[in-house]
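Just below is one structure, and these are the notes that go with it.
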Amino acid sequence: MKNISVQVSQHDKFQLELKFICPIKSGKKIGDYHIELYFFIPRNLEISDSNFGTNQFYSDFYEHIRFQTPHVDLATLISGDSTPLTRLRNADSNSKSEYGKLLKMFCSISRSAMRDGEKNVENSHPAQRKEMAENYLRNTEKLLMMYRQCRPDSGTAENLELFDLVDEYLSIAANSYRYKIWEFFNIYGDEEMTALVAGITGKELEYRKKRQFPSVPYENADNSELLYRESTLKKAMAGILFLNVETRKAGVFLENMLLAFSAAIAMAFATAVSFIWKGLFLEEFSLSFFVVWVIAYMFKDRIKSSLQIYCMQHRNRYSYDFQQKIRDGFGKEIGVCMEGFSYCNASELSEKITSTRNRHTLSKLENGSLEENVMSFRKRIEIYGNPCRDIFQEFDVDGIVDIMRLNVRHWTYKMDNPSRIVYKSDGQKVRKLKAKRDYHVNMVIRYGERDGEDHFERYRLVLCRNGIRHLDRFDENGGFVGE
């Protein structure tokens, strides 16, 4: 991996997810990996800094940073002499920290390999799809079998319990990707493949029942235990890759200086008025001088307040809201990142951002003579190469994944009903039809590395009052690519 990359998707009904992958370069401090998000919000949604300010944005904003899962494909994972499976087989099950680390890393690598393998089946050529699916199903069965054969005869009670929990989670994950294969071939009516998947997944459920794992779905039940254990185990196993973030407010010195500067200008005004009035009209203190001093102080107070508001509104051009220290699980600092949010004037955006937005005539008419409200989120990431490489020396960990989620529920409050009735006439009859009432929020992403070329991408959030309807992607020429 050489360059920063981005993946944008709809996480759920109200959340947009952006995943940035920053490469780790050994021996080099990754400086100035910068990310900028621009949201072009239609004025009729009435989203502005008065009702959706910085605090509200960060309240609706969630992020976590982790190491990228080492990439090992399924075929390599079940064969070879230096795979995670081999390391696990030769590990000391009495070593609490090392054995647990290997178990969780193997679980994360296996889940990633099964996910990528399933995607490869769906994206394969139709002539090769069935053969690839059969190979995938065989490999997942072999992977689970080989893992279960690694169960130690002895070891600490905690390690043995963790081994079984990994076994349960891999069983859940394997079936979840197999069901996607089933759905895929079911669409094409391939009864042979759907029957094959049904047999394998049923066999896996019987294994879970035999081992008395609680994550078995039943008819006429809420099956909440399955979802709970799947979510909990997923977080627990991936926890080995997660990084701790220590957050503190950024730009405190600049903020204090701006506030002090505003107060100094206001005080200079009040003092100048008092001296000028006293020097020109008065020789000693009087009621007239007292009134002038009070009036000067009133203006001084308003000047101070107005200047402070102005300075705080423009502070983010030169500073960030928060600075975060990134630490590994042992507390060692491996990087820093800074982030800031603000509104900006559309006319002040760079030509490249504006052209990427690619406003057409209809969107201009939608907003009348007014421009869209533009929200801007900026982030800068620095990762220290060598400390990151030293954490997992036996695994090829070559990237940091920064996952950001933005909840857009507050953007939907002023929207109309999600659908309305329209009419169609064929010349003889008039029929009622339903039409969806959508709102378009365009997003432009700028990202890159210092001394490197910046990349620009455009997406469009299609929203209604019930949440995100779909996410559209555009190419560099503004052409529609798809959801």
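Positions are given from 1, in the same order as the sequence printed here.
- Residue Glu131 places its CD atom among 12 or fewer non-hydrogen atoms of other residues, nucleotides or ligands, all under 6.0 Å distant.
- No hydrogens or angles considered: nothing links the side chains of Glu183 and Asn186 as a donor-acceptor pair under 3.5 Å.
- Figure legend: Arg208 and Phe213 shown without cation-pi pairing, the cationic atom not lying both under 6.0 angstrom from the six-membered ring centre and within 45 degrees of its axis.
- Ser112 and Arg115 are linked by a side-chain donor-acceptor pair at a separation below 3.5 angstrom, with hydrogens and angles left out of the test.
- The side-chain heavy atoms of Met237 and Val166, taken from C-beta on, include a pair separated by under 4.5 Å.
- A pairwise comparison of heavy atoms in Arg469 and Cys464 identifies CG-SG, 3.7 Å as the closest pair.
- Taking a 6.0 Å sphere around CD of Glu161, one finds it holds 12 or fewer heavy atoms contributed by other residues, nucleotides or ligands.
- Ile400 approaches Ile65 most closely through the heavy-atom pair CG2-CG2, 3.4 Å.
- Closest approach of Pro418 to Asn466, counting heavy atoms only: CG-ND2, 3.4 Å.
- Proximity of Val408 to Asp60: side-chain heavy atoms (C-beta onward) are nowhere separated by under 4.5 Å.
- Remark: Leu85 CG to Cys150 SG distance equals 4.5 Å, nearest 0.5 Å.
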CA sep, side-chain torsions, deciding dist, call: Arg378, Glu339, salt bridge (charged side-chain N to carboxylate O under 4.0 Å, His left out) | CA-CA 5 Å; Arg378 300 178 300 125; Glu339 55 191 26; over 6 Å; no
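- Contact annotation: the side chain of Lys19 never approaches that of Val6 to less than 4.5 Å [non-hydrogen atoms, C-beta and beyond].
- Annotation: salt bridge (Lys or Arg N to Asp or Glu O under 4.0 Å) contacts of Asp454 (sequence neighbours excluded): Arg446.
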Trace of the side chain to side chain donor-acceptor pair (under 3.5 Å) decision for His71 with Asp73 = CA-CA 7 Å; His71 176 73; Asp73 59 48; 5.1 Å; no
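- Counting heavy atoms from C-beta outward, Arg151 and Leu160 have side chains that approach closer than 4.5 Å.
- Tyr99 and Asp92 get closest at one heavy-atom pair: CB-O, 3.6 Å.
- The ring pair (Phe, Tyr, Trp, His ring centres under 6.0 Å) test with Phe163 is passed by exactly one of Tyr169, Phe106, Tyr147: Tyr147.
- For Ser59 (side chain) and Asn55 (main-chain N/O), no donor-acceptor pair under 3.5 Å exists by modelled atom type.
- Taking all atoms of both residues into account, the shortest heavy-atom contact from Glu168 to Ser215 is OE2-OG, 2.7 Å.
- In this structure, Leu16 and Arg405 have side chains that are not in contact, with every pair of non-hydrogen atoms separated by 4.5 Å or more.
- Between Glu192 and Lys130, at least one side-chain nitrogen of the basic residue sits less than 4.0 Å from a carboxylate oxygen of the acidic one, meeting the salt-bridge criterion.
- The pair Glu63-Lys379 meets the salt-bridge criterion, with a side-chain N (NZ, NE, NH1 or NH2) lying under 4.0 Å from an Asp/Glu carboxylate O.
- Checked by atom type, the side-chain pair His440/Asn442 shows no donor-acceptor distance below 3.5 Å.
- For His64, the ring-ring contact (aromatic ring centres under 6.0 Å, His included) criterion is met by Tyr62, Phe242, not counting sequence neighbours.
- Side-chain atoms of Glu457 and Tyr459 include a donor-acceptor pair closer than 3.5 Å.
- With respect to the salt-bridge test (charged N to carboxylate O, under 4.0 angstrom), the residues Asp475 and Arg458 do not qualify.
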Verdict with supporting geometry, Glu204 and Arg148, salt bridge (charged side-chain N to carboxylate O under 4.0 Å, His left out) | CA-CA 13 Å; Glu204 193 63 41; Arg148 289 159 185 168; 2.5 Å; yes
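- A salt bridge is defined here as a Lys NZ or Arg NE, NH1 or NH2 lying under 4.0 Å from an Asp or Glu carboxylate O, and Glu206 with Lys209 meets this definition.
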Just do the ring-ring contact (aromatic ring centres under 6.0 Å, His included) check on Phe14 and Trp411 with the steps written out, would you?
-> CA-CA 10 Å; Phe14 286 99; Trp411 298 3; over 10 Å; no
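- Across all their heavy atoms, Asn159 and Gly100 have their closest contact at OD1-N, 4.2 Å.
- Defined by atom type and a distance below 3.5 Å, a donor-acceptor pair is present between the side-chain atoms of Tyr38 and Glu36.
- Taking the side chain as every heavy atom from C-beta outward, Tyr447 and Phe456 never approach each other to under 4.5 Å.
- Looking only at atom types and distance, the side chain of Tyr207 has a donor-acceptor partner in the side chain of Asp167 under 3.5 Å away.
- Separation of atoms CD (Glu372) and CG (Leu45) is listed at 10.0 Å; rounding is to 0.5 Å.
- Side-chain contact annotation: Asn417 with Arg465, donor-acceptor N/O pair under 3.5 Å present.
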Going through the checks in order, is the salt bridge (charged side-chain N to carboxylate O under 4.0 Å, His left out) test met by Arg211 and Asp164?
-> CA-CA 9 Å; Arg211 292 299 310 276; Asp164 291 338; 3.2 Å; yes
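- At least one side-chain heavy atom of Lys434 sits less than 4.5 Å from a side-chain heavy atom of Ile421.
- In this structure, the separation between CG on Leu406 and CG on Leu37 is 8.5 Å, given to the nearest 0.5 Å.
- Looking only at side-chain heavy atoms (C-beta outward), Pro84 and Leu77 come within less than 4.5 Å of each other.
- Using cut-offs of 30° and 60° for the angle between ring planes, the Phe61 and Phe377 rings count as tilted.
- The local environment of OH in Tyr228 is sparse, with at most 12 non-hydrogen atoms from other residues, nucleotides or ligands closer than 6.0 Å.
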